Amino acid sequence: MNMNEEKLLWLLKEARAKSGLPLDFWADVTEGLDYKSLEILVGKSSIFPKYMNSSGKL
């Protein structure tokens, strides 16, 4: 694993910790983003709901 991949993985894990959403979700959502955009999204990841319900009902 090179340095860029390690940084990317660290950011994805940070987003997972802040949001409670799975790492797979973050990998899919951030695919193709440049590093700076990914950093911004991770910084805002806590605004994502911890539990998403497809029906919108609790």
Side-chain angles (χ1 to χ4, degrees):
M1 186 180 290
N2 67 32
M3 186 63 96
N4 289 338
E5 290 172 336
E6 288 178 21
K7 288 180 182 179
L8 173 67
L9 183 57
W10 185 86
L11 283 172
L12 293 176
K13 287 180 177 181
E14 184 72 18
R16 177 186 63 187
K18 287 181 177 182
S19 69
L21 296 170
L23 196 58
D24 288 345
F25 169 83
W26 288 108
D28 290 344
V29 167
T30 61
E31 187 175 350
L33 291 180
D34 60 57
Y35 189 76
K36 186 66 178 170
S37 298
L38 180 57
E39 283 184 315
I40 292 168
L41 184 59
V42 168
K44 301 290 185 182
S45 62
S46 62
I47 66 172
F48 283 77
K50 295 232 185 268
Y51 305 100
M52 287 198 252
N53 187 337
S54 61
S55 68
K57 299 177 183 177
L58 295 176

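Small disclaimer: the values here were computed from a predicted structure and weren't measured.
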CZ of Arg16 to NZ of Lys18: how many Å apart, nearest 0.5 Å?
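One finds 13.5 Å between CZ of Arg16 and NZ of Lys18.
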
What residues form a side chain to side chain contact (heavy atoms under 4.5 Å, CB included) with Asn2, not counting sequence neighbours?
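Checked Asn2 against side chain to side chain contact (heavy atoms under 4.5 Å, CB included); matches are Asn4, Glu5.
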
Test side chain to side chain contact (heavy atoms under 4.5 Å, CB included) applied to Leu11 - qualifying residues, sequence neighbours left out
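For Leu11, the residues satisfying side chain to side chain contact (heavy atoms under 4.5 Å, CB included) (neighbours in sequence not counted) are Tyr35, Leu38, Glu39, Val42.
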
Would a single hydrophobic cluster contain both Leu41 and Ile47, if residues Ile, Leu, Val, Met, Phe, Trp and Tyr are joined by side-chain heavy-atom contacts under 4.5 Å?
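In one cluster: yes.
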
All N/O donor-acceptor pairs, side-chain side in residues 20-34, below 3.5 Å, sequence neighbours left out:
residue	atom	partner	partner atom	Å
Trp26	NE1	Ser19	OG	3.0
Thr30	OG1	Trp26	O	2.6
Asp34	OD1	Lys36	N	3.2
Asp34	OD1	Ser37	N	2.8
Asp34	OD1	Ser37	OG	3.0
Asp34	OD2	Ser37	OG	3.4

